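Notes for the one structure printed next.
What you are looking at is a predicted structure, and each value in this text was computed from that prediction instead of being measured.
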Amino acid sequence: MEKFYITTPIYYVNDKPHVGHAYTTVLADVLARWHKLQGKKVFFSAGTDEHGAKIETAAIGDGKNPQEFVDEKAKAFQLAWKKLNISYDNFIRTTDKKHEQAAAGVLNILHEKRLVYQDTYKGLYCQGCEQYKTEDDLIDGKCADHQVKPELMEEKSYFFNLAKFGNMVLEKIETDEFKIEPAERKNEIISFIQGGLKDISISRKNVKWGIPLPFDKDFTIYVWIEAFLSYLTSLGWKGSPNKLPAMWPPDIQLMSKDILRVHATIWPALLLALDIPLPQKIFVHGYFMANGQKMSKSLGNVIWPEEMVEKFGVDGARYLLMSSLAPGHDGDISWEKLTEKYNADLANGLGNLISRTIVLAQKINFKCGVDKNKGISERIKNLYEEIKPREILEEIWKEINWANKYIEEKKLWELVKNDEDEAKKVLDELFITIGDVAENLRPFMPDIAQRILQILESGEMTKGEVLFPRV
Ligand code: MSP
């Protein structure tokens, strides 16, 4: 049986999940469900990144001890994913003891391989990114992502010999052995690596909230290094490079551009250093802004996925998320636009199609099986390969719009009164189309798709049932 291993980034638990995290996670869920429907053995990993200075600071700000704080926040992520009907197979937390042990083991291996040495780190650090920065990374002296001046840091540190792996990583990316998609992102990374990679600090002296460095307990492991390893420990890996889980390597690792660079340099270098096969593909989706601005709590413009679920229902929220980013583009998201799209595509489009078709079919007691589907089109299969969720939905909506128009053109409400034979023919086509639509919607809107298939089979809707109440 073909396997399919997909990962989301493990999110920082300094705050609860917002629409950006939800986008990546729903996309992973859609792909996991799709590949499962294709008969593959699927493993879908999600989780939380719980160590490091940023989390420590957030916990202090909340007046909590870090463990209590991360327990609470990790629960908030799990709850949000439950509300969004996310079907992950494992939720990895970096404070899981097993993860901590495996990560410490890896540091020992790197140390024994002499890929780690001690020196002094002197430079800039952005706590928001949990990343070391160079002057080139800054705009007006500030981190572009967090709008804050990075702190100047000087401390004793252990370094990983990243420079040594630059050319090897470059070759894997250029030859697509380690794919980075879309192509613009791949090219960006190639020129970045061609500029040369520097060794990186992999320990922190003054950060207590972390995994102790096994060969020098005065330090903790730099949070990114252990975070990457979660992609392995989520599969139950114990830290031994020659005992890899059967699902390894990931077929797709999803993320946005904010964390591509580290994923395309440090991450593959670590794996090469350990002689572990690289992921097949990193897929980078667009970045959400809110009304043209970066979403932030202080600006009060964050869209919380749980509010989307309350307003639009779980499948409504999933639909809106998946149709909101064009491939390779950043997206602007607002309640206004979401509501408009919900009403147009779901309340008026799909919802209306089902209810009017069923009402008219009942007038002449029309029943039709749901076994006449055309199956999934090649075009849609290709769009899944290219990871274009919005385009898949657009394909499905072509059918829905066609069907709604067909009812109008044929004046079906008149046919059921004066030409039953013709009405049956039209209804037959409509039922087949709707059945097809429902099949196609399974990965995106699992509950609604199931419900539509039941409705088609029974030819009835429950009294007062509205699939998508207008908002
Ligand atoms: N903890 C690290 C990842 C470690 S993975 C080994 C981290 N966490 S994060 O909470 O900041 O998550 C970043 C990721 O969340 C992005 O790459 C993307 O998947 C998702 N998004 C968060 N905000 C986003 C937007 N505004 N828009 C789209 N997705 C973004 O980085």
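- More than 12 heavy atoms of other residues, nucleotides or ligands sit less than 6.0 Å from atom NZ of K311.
- For the ring pair (Phe, Tyr, Trp, His ring centres under 6.0 Å) with Y319, the qualifying choice from Y342, F312, W397 is W397, the only one to do so.
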Enumerate, atom names and distances included, each donor-acceptor pair closer than 3.5 Å involving a side-chain atom of residues 102-115, sequence neighbours excluded.
residue, atom, partner, partner atom, Å
K113, NZ, A273, O, 2.8

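- Of the N and O atoms on the side chains of T134 and D137, at least one donor lies less than 3.5 Å from an acceptor on the other residue.
- For K54 and E130, the salt-bridge test fails: no basic side-chain N is under 4.0 Å from an acidic carboxylate O.
- Nearest heavy-atom pair across P245 and W237 is CD-CD1, 3.7 Å.
- By the ring-ring contact (aromatic ring centres under 6.0 Å, His included) test, W209 is found to be paired with H51, residues two or more places apart in sequence or in another chain being considered.
- The ring-ring contact (aromatic ring centres under 6.0 Å, His included) test applied to Y5 returns F43, not counting sequence neighbours.
- Using a 4.5 Å heavy-atom threshold, the side chains of T24 and M255 count as separate.
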Expected list for residues 383-390: side-chain donor-acceptor pairs under 3.5 angstrom, two or more places apart:
residue, atom, partner, partner atom, Å
E386, OE1, K388, NZ, 3.0
R390, NH1, S323, O, 3.3

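- The environment of CG in D140 is sparse: at most 12 heavy-atom neighbours from other residues, nucleotides or ligands sit within 6.0 Å.
- With a 6.0 Å radius and a threshold of 12 heavy atoms from other residues, nucleotides or ligands, H329 has its NE2 atom at or below the threshold.
- The salt bridge (Lys or Arg N to Asp or Glu O under 4.0 Å) pairs that include a residue from residues 4-15 are D15-K297, where partners are two or more places apart or lie in different chains.
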Expected list for residues 72-84: side-chain donor-acceptor pairs under 3.5 angstrom, two or more places apart:
residue, atom, partner, partner atom, Å
E72, OE1, K64, NZ, 3.3
K83, NZ, E306, OE2, 3.2

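- The ring-ring contact (aromatic ring centres under 6.0 Å, His included) check on F468 picks up nothing, with sequence neighbours excluded.
- In this structure, a donor-acceptor pair under 3.5 Å is absent between the side chains of T94 and E50.
- Of the residues Y222, F219, Y121, the one that meets the ring pair (Phe, Tyr, Trp, His ring centres under 6.0 Å) test with Y158 is F219.
- Defined by atom type and a distance below 3.5 Å, a donor-acceptor pair is present between the side-chain atoms of T57 and Q127.
- Counted within 6.0 Å of CG on N167, heavy atoms from surrounding residues, nucleotides or ligands total 12 or fewer; the atom is thus considered open.
- With sequence neighbours left out, the ring-ring contact (aromatic ring centres under 6.0 Å, His included) criterion links Y125 to Y132.
- A donor-acceptor contact closer than 3.5 angstrom is absent between the side chains of S256 and Y23.
- Residues F4 and L31 share a closest heavy-atom pair of CE2-O, 4.1 Å.
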Carefully, step by step, assess Y88 and T8 under the rule side chain to side chain donor-acceptor pair (under 3.5 Å).
CA-CA 10 Å; Y88 56 71; T8 66; over 6 Å; no
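- Contacts classified as salt bridge (Lys or Arg N to Asp or Glu O under 4.0 Å) and involving residues 30-43 (residues at least two apart or in different chains) are given here: E2-K40, D29-R33.
- Residue pairs meeting the salt bridge (Lys or Arg N to Asp or Glu O under 4.0 Å) criterion with at least one member in residues 230-251, sequence neighbours excluded, are K3-D251.
- Residues that satisfy the side chain to side chain donor-acceptor pair (under 3.5 Å) test with K133, not counting sequence neighbours, are absent from this structure.
- Side chains of E378 and N382: a donor-acceptor N/O pair is absent below 3.5 angstrom, by distance only.
- Around the CD atom of E340, the shell of radius 6.0 Å holds no more than 12 heavy atoms that belong to other residues, nucleotides or ligands.
- Among residues at least two apart or in separate chains, salt bridge (Lys or Arg N to Asp or Glu O under 4.0 Å) pairs with a member in residues 201-223 are E155-R204.
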